[in-house]
Amino acid sequence: MDNKPIRQQEHGLWTSVLTGFVLAIVKGVAGYIAMNKALIGDALYTASSAASTLAERLLRRSWKSRRRAASRSEHRPAEGVGASFAQMIITVVLLLGGLEIAIAAVRDLMAHVEPEPKPFAIVLVFLAMAVNEAVFRYRYRYMSKQKSNTLEEMIDTHRYSLYSSIIVLAGMLGTIAALELNEDRLYYVQPVSALLVAIILWRQGYRLARQAIYGRLVQTMEQQDASDYMETVQRVRGVIAVERLQAQEHDRGVHIELVLAVNPNITVLAAAEIAEYARNLLLHRFDHVSRVQVYTIPYTGGYPYKSNHDWTAHSDHSSGDGMLH
C-alpha cells in the first residue's frame, strides 16, 4: 500500500499548525506594539485554529490507538482525554479573549480615543494573509484528493480567518483615511472592527464548545468506523435495513444511535429482541463503544422481506447466535 498521500496530508497538517502558531505570535506582537485590539483578536483566532487542529490530530491518534488496543484486548489508552481538555481550554480562551476585546473596544468608542495608525502593521497583515492562503491551498490540494471528511470544517475555519484579517485591514485603513480626510467619524472604524473580530472569536468558541459537549460525528473522524458499525448491524437476523446510524465521540467512548427497520409482521417483543441483540453486539464487538441506543420501526420499503412465521421459525432452529451467515 502506497502511504505517500497519507504522508503528504500529514505534512500539510503540521505545516499548517506550525505556520499558524508563527503567524499568531507575529500578529500578537504587532497588535500589541500598534495598540490594535482587532489585530490582537485576529492573532488569537489564528492561534486557536492551529491549536484546535493539533488537538484534533492528537484525538484522532488516540482513537486509532484505542481501536488497536481493543482488537488485541489490551488496556485502552486515554490520550483522547488530554486532547478534549485542550479543546475546552481553547474554547475558554476564545470566549474570554473575545469578551475582553469587546469590552476594550466599547471603552474606546465611549472615550472617543483617536487611534494612531501603524503602516508596518498593515503590511504585516497583508503578508500574513498571503502566507495563510498559500498554506491553506497546499493542504487543501492533498485533503481534497483524499476526500477527507474534515475538509469542510477546515474551509469554514479558513474562511472566517480571512474575514477576520479583512476586518482588521478595514479598521487600519479607516484610521488612515480619518487622518487624511480629517474626518473624526472614521476613527470609530477601528473599535468597530475590534467588536466584529470579537464576534468571530465567540463564534469559533461556540463551535468548539458544542463539539466538546455533544461530541463529534464519526463521519468527520473516520469513515471506516461508521462502515464497520453498519456492516455489523446489517448482519443481525431480523434487521431488514439500517435507517439511521449516528455515532458521536466522547471522552469515555463512542455513543451510537441506531434506527433499524424490521419486518412489520413480527411482534413488538420480537422487535425488542432484535434491538437488544444489535445493541449488545456493538458493545461487545467494539471495545471503544460505550453506549448504544437502538430504535426499531416497521419496514415500509416493500417486498421481499421475511414474514413473522419465517423469522420465528428460523430463529427456533438457529444456532442462537443471532447472526446471518
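All heavy atoms count here, side chains included; hydrogens, waters and symmetry mates do not.
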Reported [atom1]-to-[atom2] distance for the pair [X] and [Y], which is rounded to 0.5 angstrom:
{"X": "I240", "Y": "T300", "atom1": "CD1", "atom2": "OG1", "value": "10.0 Å"}
{"X": "L54", "Y": "W14", "atom1": "CG", "atom2": "CH2", "value": "5.0 Å"}
{"X": "I25", "Y": "K27", "atom1": "CD1", "atom2": "NZ", "value": "12.5 Å"}
{"X": "S161", "Y": "I200", "atom1": "OG", "atom2": "CD1", "value": "9.0 Å"}
{"X": "Y206", "Y": "T91", "atom1": "OH", "atom2": "OG1", "value": "12.0 Å"}
{"X": "L269", "Y": "I274", "atom1": "CG", "atom2": "CD1", "value": "10.0 Å"}

Quick check: is [Y] connected to [X] through a chain of hydrophobic side chains (ILVMFWY, heavy atoms under 4.5 Å apart)?
{"X": "I166", "Y": "Y160", "result": "yes"}
{"X": "L245", "Y": "L281", "result": "yes"}
{"X": "L201", "Y": "V92", "result": "no"}
{"X": "I122", "Y": "V131", "result": "no"}
{"X": "L44", "Y": "V168", "result": "yes"}

Between [Y] and [X], is there a side-chain heavy-atom distance shorter than 4.5 Å?
{"X": "V262", "Y": "I297", "result": "no"}
{"X": "H158", "Y": "E133", "result": "yes"}
{"X": "H255", "Y": "V292", "result": "no"}
{"X": "L13", "Y": "T15", "result": "no"}
{"X": "R291", "Y": "I256", "result": "no"}
{"X": "L39", "Y": "M172", "result": "yes"}
{"X": "F126", "Y": "L169", "result": "yes"}
{"X": "F136", "Y": "M154", "result": "yes"}

Query raised in the report: Between E276 and N280, is a side-chain contact (heavy atoms from CB on, under 4.5 Å) present by the stated rule, with each step listed?
Result: CA-CA 6 Å; E276 183 65 17; N280 291 333; 3.3 Å; yes
Query raised in the report: Could D42 and K37 be called an ion pair, given the rule that one side-chain N must be under 4.0 Å from one carboxylate O?
Result: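 A salt bridge is absent here (no side-chain N lies under 4.0 Å from a carboxylate O).
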Query - Lys/Arg-Asp/Glu bridge criterion (N-O < 4.0 Å) met for R285, D228 - result: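 Salt bridge absent between R285 and D228.
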Query - From CA spacing to verdict: side-chain contact (heavy atoms from CB on, under 4.5 Å), L260, Y295 - result: CA-CA 6 Å; L260 305 177; Y295 306 93; over 6 Å; no
For residues [X] and [Y], report the shortest heavy-atom separation together with the two atoms involved.
{"X": "L124", "Y": "A30", "value": "CD1-CB, 3.9 Å"}
{"X": "A34", "Y": "A121", "value": "CB-CB, 4.4 Å"}
{"X": "G171", "Y": "S193", "value": "CA-OG, 3.9 Å"}
{"X": "A198", "Y": "G98", "value": "CB-O, 3.3 Å"}
{"X": "P191", "Y": "D108", "value": "CG-CB, 4.2 Å"}
{"X": "T296", "Y": "A275", "value": "CG2-CB, 3.8 Å"}

Report task. Could you walk me through whether I155 and Y140 pass side-chain contact (heavy atoms from CB on, under 4.5 Å), step by step? Result -> CA-CA 8 Å; I155 293 174; Y140 174 83; 3.8 Å; yes
Query raised in the report: Is the number of heavy atoms from other residues, nucleotides or ligands within 6.0 Å of OH (Y32) greater than 12?
Result: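 Count not over threshold, so no.
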Query - Test item: S165 side-chain N/O and L162 main-chain N/O as donor-acceptor pair under 3.5 Å - result: no
Report task. For S52 and S48, indicate whether the former's side chain and the latter's backbone hold a donor-acceptor pair under 3.5 Å. Result -> no
Requested in this report: Apply the side chain to side chain contact (heavy atoms under 4.5 Å, CB included) test between V259 and each candidate in Q293, E243, Q246; give the one that qualifies.
Outcome: E243
Query raised in the report: side-chain contact (heavy atoms from CB on, under 4.5 Å) between L258 and R244: does it pass, once the steps are laid out?
Result: CA-CA 6 Å; L258 279 171; R244 188 166 71 93; over 6 Å; no
